[in-house]
Amino acid sequence: MDVTVHLAQDPEADALLGRSPLAALVGMLLDQQVPMEWAFKGPRTIADRLGTADLDAHEIAAMDPEAFAALLSEKPAVHRYPGSMAKRVQQLCQYLTEHYDGDPEALWRGVANGAELLKRLEDLPGFGRQKAQIFLALLGKQLGVAPKGWREAAGAYGEAKSFRSVADITGPESLAKVRAHKQEMKAAAKAAKAAGG
């Protein structure tokens, strides 16, 4: 994997995301309750604090949980909830180590179709259906992993020329469109809740 992405809106962080499947997975895992750019800068911050050029699932899985949580909690923190997210990142790395020998690309290498890949992504700790579909769309749209039927498996996130998620961010303009879409969805959900209440 060696592609150019603009998810973190930071050249060094994006370079890591574009070449490291584990960094992309960790960024996706961190993408909750914080701005997208903050989440996707996280893998670079973790690598820098570990003193490495890339993330290694075996290394992270084997770290002392308190030491790893402290690493993510250093200022500026990697996430709004650095302790709980450190635990989730370690769980993800432990899962990859146990099921894929620490090789995140093995998740999609040789999959028969998009549905099989979606199932594998849903099995990851911290990945529910929506997060798995968004990551599948990111793989298909930007990371060069496009098994047969990936768009269908990714649902609405797989639609071409949509601006629904991080999978559609290719620069500042598309980031603004994705943000606008998310705001519309929040407003619609709030209105529906108010109407039902």
Asks: Taking all non-hydrogen atoms of both residues, which atom of A69 and which atom of A86 are closest, and how far apart?
Replies: CA-CB, 3.6 Å
Asks: Test side-chain contact (heavy atoms from CB on, under 4.5 Å) on N113 and E116 and set out the steps.
Replies: CA-CA 6 Å; N113 53 49; E116 181 184 345; 3.5 Å; yes
Asks: Side-chain contact test, heavy atoms from C-beta onward, threshold under 4.5 Å: evaluate it for L175 versus Q9 and give yes or no.
Replies: yes
Asks: Any idea which heavy atoms bring A115 and A153 closest together, and the distance?
Replies: N-CB, 3.8 Å
Asks: Is it true that Y100 and E105 share a donor-acceptor pair across their side chains at a distance under 3.5 Å?
Replies: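 No, Y100 and E105 have no side-chain donor paired with an acceptor closer than 3.5 Å.
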Asks: Atom CH2 of W150 and atom CG of L136: how far apart are they, to the nearest 0.5 Å?
Replies: 7.0 Å
Asks: With the side chain counted from C-beta on, respond yes when L121 and L124 share a heavy-atom pair under 4.5 Å apart, and no when they do not.
Replies: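 Yes, side chains in contact.
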Asks: Would you compute the distance between atom OG of S20 and atom CZ of R44 and round it to the nearest 0.5 angstrom?
Replies: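 Nearest 0.5 Å value for the OG-CZ distance: 10.0 Å.
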Asks: Would you name the heavy atoms of A23 and L16 that are closest together and state the gap between them?
Replies: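 What the structure gives for the nearest pair is CB-CG, 3.7 Å.
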Asks: Are L71 and L92 connected in a single hydrophobic cluster, I mean Ile/Leu/Val/Met/Phe/Trp/Tyr linked by side-chain heavy atoms less than 4.5 Å apart?
Replies: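 Yes, one cluster joins them.
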Asks: Quick one: pull up NZ in K131 and OG in S165 and give me the separation to the nearest 0.5 Å.
Replies: 11.0 Å
Asks: For F127, check ring-ring contact (aromatic ring centres under 6.0 Å, His included) against everything at least two apart and list the hits.
Replies: none
Asks: Measure across Q90 and F68 and return the closest heavy-atom pair with its distance rounded to 0.1 Å.
Replies: CG-CD2, 3.5 Å
Asks: Would you confirm whether R80, through its side chain, and V34, through its main-chain N or O, come within 3.5 Å as a donor-acceptor pair?
Replies: no
Asks: Out of curiosity, Q130 CD to E122 CD, how far, rounded to the nearest 0.5 Å?
Replies: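 Q130 CD to E122 CD: 11.5 Å, rounded to 0.5 Å.
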Asks: What I'd like to find out is whether the side chain of L30 reaches to under 4.5 Å of the side chain of R88, using heavy atoms alone.
Replies: no
Asks: Students often mix this up, so state it plainly: with edges at 30° and 60°, are the rings of H79 and Y81 parallel, tilted or perpendicular?
Replies: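 Rings of H79 and Y81: tilted, as their planes differ by 30° to 60°.
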Asks: Determine, using the 4.5 Å side-chain heavy-atom cutoff (strictly less than), whether V166 and V3 are members of one ILVMFWY cluster.
Replies: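 Per the 4.5 Å side-chain linkage, V166 and V3 are co-clustered.
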Asks: Which heavy atom of G102 sits nearest a heavy atom of A57, and at what distance?
Replies: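 Closest heavy-atom pair between G102 and A57: O-CB, 3.7 Å.
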Asks: Are W38 and F40 joined in one hydrophobic group, where the rule is that I, L, V, M, F, W and Y side chains link up if heavy atoms are under 4.5 Å apart?
Replies: no
Asks: Could you tell me if the side chain of V145 sits less than 4.5 Å from the side chain of L117, heavy atoms only?
Replies: yes
Asks: Evaluate the side-chain proximity of D103 to L96: yes if any heavy-atom separation is below 4.5 Å, no if none is.
Replies: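 A side-chain contact is absent here, since even the closest heavy-atom pair is not under 4.5 Å.
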Asks: I'd like to check M85 versus Q32 (side-chain heavy atoms, cut-off strictly below 4.5 Å). Are they in contact?
Replies: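 In short, these two side chains touch, coming nearer than 4.5 Å.
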Asks: Kindly indicate, with the supporting measurements, whether the criterion side-chain contact (heavy atoms from CB on, under 4.5 Å) is fulfilled by R129 and L118.
Replies: CA-CA 8 Å; R129 182 165 187 86; L118 178 64; 3.7 Å; yes
Asks: Report the residue from L17, D31, L55 that forms a side-chain contact (heavy atoms from CB on, under 4.5 Å) with V26.
Replies: L55
Asks: Rounded at 0.5 Å granularity, tell me how far OG1 in T170 sits from NE2 in H6.
Replies: 7.0 Å
Asks: Charged N to carboxylate O below 4.0 Å: is that the case for D168 and R164?
Replies: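 No, D168 and R164 are not salt-bridged.
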Asks: Flag yes if F135 and F163 sit in one hydrophobic cluster, no otherwise; membership is Ile, Leu, Val, Met, Phe, Trp, Tyr, and two members link when side-chain heavy atoms are under 4.5 Å apart.
Replies: yes
Asks: Salt bridge or not for E37 and R179, using N-O below 4.0 Å?
Replies: yes
Asks: Is E159 salt-bridged to R151, cutoff N-O under 4.0 Å?
Replies: no
Asks: Yes or no on side-chain contact (heavy atoms from CB on, under 4.5 Å) for M36 and I169, after CA distance, side-chain angles and deciding distance?
Replies: CA-CA 10 Å; M36 288 177 278; I169 296 172; 3.5 Å; yes
Asks: Show your working on side-chain contact (heavy atoms from CB on, under 4.5 Å) between L22 and C93 and close with a plain yes or no.
Replies: CA-CA 9 Å; L22 182 55; C93 290; 4.2 Å; yes
Asks: Quick one: closest heavy-atom pair of S162 and K141, and the distance?
Replies: OG-NZ, 3.3 Å
Asks: Establish whether M28 and Y95 are linked, either directly or via other cluster members, by ILVMFWY side-chain heavy-atom contacts under 4.5 Å.
Replies: yes
Asks: Just wondering, more than 12 heavy atoms not from E74 lying within 6.0 Å of its CD?
Replies: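 For E74, atom CD is crowded (more than 12 foreign heavy atoms under 6.0 Å).
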Asks: Got D56 and L50 here, is their nearest side-chain heavy-atom distance under 4.5 Å?
Replies: no
Asks: Considering only NZ, NE, NH1 and NH2 on the basic side and carboxylate oxygens on the acidic side, decide whether K41 and D14 come within less than 4.0 Å.
Replies: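 A salt bridge is absent here (no side-chain N lies under 4.0 Å from a carboxylate O).
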Asks: Is the count of non-hydrogen atoms from other residues, nucleotides or ligands lying under 6.0 Å from K87 atom NZ greater than 12?
Replies: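 Not more than 12 within 6.0 Å, no.
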